[in-house]
Amino acid sequence: MVTHPIDIAEAELPDLEQALADLGRPRFHARQIFQWIYKRGVTDLALMTDLSLELRDALGRQFTISTPSVVRQERSVDGTTKLLLQLSDGKHIESVCIPENPADHPELADADRVTFCLSTQVGCAMKCAFCLTGKMGIDRNLTAGEIVGQVRVLVAGLGLLDKRFNIVLMGMGEPLHNYDATMKALRILADEHGLAVSPRRVTLSTVGVLPALERLATEPLMPNLAISLHSTTEAQRDLLVPINRKYGIEELLNACRRFPLKRRERITFEYVMLKDVNDTPEDARRLVRLLSGIRAKVNLLPLNEAAGIPFERPSDAAVNRFARILSERGVTVSVRKSRGRDIRAACGQLITESSRSAAPGRRLAMAMGT
Ligand code: SAH
């Protein structure tokens, strides 16, 4: 019988403790291994020098630690870095590191922190009308280890081992369409012996897969919630965000009303602004009415235009007019500055060629970073 090595990247700490116990080894080594991997960025068991040589050798035969490999790294003029990563089956995803602009956050003492934007799927099944990732369709879910692996690669690749960071699940994919792996990833990320990322530093963005959203409301580790609303009428949202045909605005907002929020927490509503489609004063007033009774803030995302996306970005004047209507009526609103547009790292711009369709020459060119 062929026994497959256990992939430590997929393990929560108790799983690793159990795996060690199953081999007749003390459980406490699991904590040491977690510290090596997540606190020091060491993924070669042979280098974990506080384990005996004999143990390292034995574990090397039973365990692997799979890590996405960096195919290409691109840096935007604004400091945003996008990584093209290859997974163990050859599929590609993108992950983005966005430096906070200290000028945007004068209130934060550590305004030099960065935000990692992670993917949760290869492609996406949601087919939102303005999103490039949606054009790819869905290839497969990421595993928990692949979601966490993006953080490990970003931290190691960009030399950020001692830096605090925020995480947004706003890369490729719909996190609530890959619920179990996403939640498991949050648990691995939160482990105090590992990266110790508190769920308060994580924001999960979703189109509103309702059963999964209801389930999220019961999780012990609950991230901040962002809802991709984008529209104020059922008929229009049906077209822009097709899952609305299944779970409409009304149901979605009722679920938001029931969503347990801690003191001072709010739900973010993302609203992609499309010129002459959803950017009128009437839209703004309808949005205010829809959000009444919800502890909400609104994040306006002026469309990042791309070839193949049949919408236009509204003028700054239209965006500001929309924002003013919200704020005059007491709704907190911000306009998302799009980051990394020059390297196609901005919202809705993450897309990878499937390794199947990329011609060998093109693949080689990608591998060489051209
Ligand atoms: N599937 C999740 C996670 C993706 S988050 C979700 O939809 O919430 C990415 C955010 O960028 C979403 O709010 C998405 O609607 C938005 N977005 C997609 N395409 C965009 C584009 N072309 N311009 C600006 N924002 C876009």
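When a ligand or atom number is given, it counts from 1 through the structure's own listing order. Residue numbers start at 1 and run along the sequence shown.
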Subset of ligand 1 atoms that lie under 4.0 Å from at least one heavy atom of [X]:
X: Val207; answer: 7 (O), 8 (O)
X: Thr206; answer: 8 (O)
X: Cys131; answer: 18 (C), 19 (N)

Electrostatic pair Glu270-Arg336, nearest N-O below 4.0 angstrom |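 Arg336 and Glu270: salt-bridged.
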Would you mind checking if Glu146 and Arg140 are paired as a salt bridge, meaning a charged N to carboxylate O distance below 4.0 Å?
->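 Salt bridge present between Arg140 and Glu146.
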Check: [X]/[Y] side-chain N/O donor and acceptor closer than 3.5 Å:
X: Ser119; Y: Glu94; answer: no
X: Asp7; Y: Ser66; answer: yes
X: Glu174; Y: Thr120; answer: no

Note: Leu132, heavy atoms under 4.0 Å from ligand 1, region reported as neither
Taking distance alone, with no angle check, do Leu303 and ligand 1 share an N/O pair under 3.5 Å?
->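 For ligand 1, there is no N or O atom that lies under 3.5 Å from one belonging to Leu303.
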Should Gly173 be counted as touching ligand 1, given the test is an N or O pair under 3.5 Å?
->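 N/O-N/O distance under 3.5 Å: yes.
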Find out whether Leu87 and Val122 are in side-chain contact, i.e. whether some heavy atom of one side chain is under 4.5 Å from a heavy atom of the other.
-> yes
With the side chain counted from C-beta on, respond yes when Phe322 and Val333 share a heavy-atom pair under 4.5 Å apart, and no when they do not.
->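 Side-chain contact under 4.5 Å: no.
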Judged by non-hydrogen atoms, does Gly171 sit under 4.0 Å from ligand 1?
-> yes
[atom] [closest protein heavy-atom partner, distance rounded to 0.1 Å]:
atom: atom 23 (N) of ligand 1; answer: Asn304 N, 2.9 Å
atom: atom 16 (C) of ligand 1; answer: Leu301 CD2, 3.7 Å
atom: atom 10 (C) of ligand 1; answer: Glu270 OE2, 4.0 Å
atom: atom 18 (C) of ligand 1; answer: Gly348 CA, 3.4 Å
atom: atom 21 (C) of ligand 1; answer: Cys347 O, 3.3 Å
atom: atom 9 (C) of ligand 1; answer: Met170 O, 3.6 Å
atom: atom 13 (O) of ligand 1; answer: Ser228 OG, 2.7 Å
atom: atom 14 (C) of ligand 1; answer: His230 NE2, 3.9 Å

Taking Leu189 as the fixed residue, which of Leu221, Val197, Ile147 is the one that meets the side chain to side chain contact (heavy atoms under 4.5 Å, CB included) rule?
-> Val197
Would a distance-only check, ignoring hydrogens and angles, find a side-chain to backbone donor-acceptor pair under 3.5 Å from Arg295 to Glu265?
-> yes
Could you tell me which non-hydrogen atom of Pro302 sits nearest to which non-hydrogen atom of Leu300, and how far apart they are?
-> CD-O, 3.4 Å
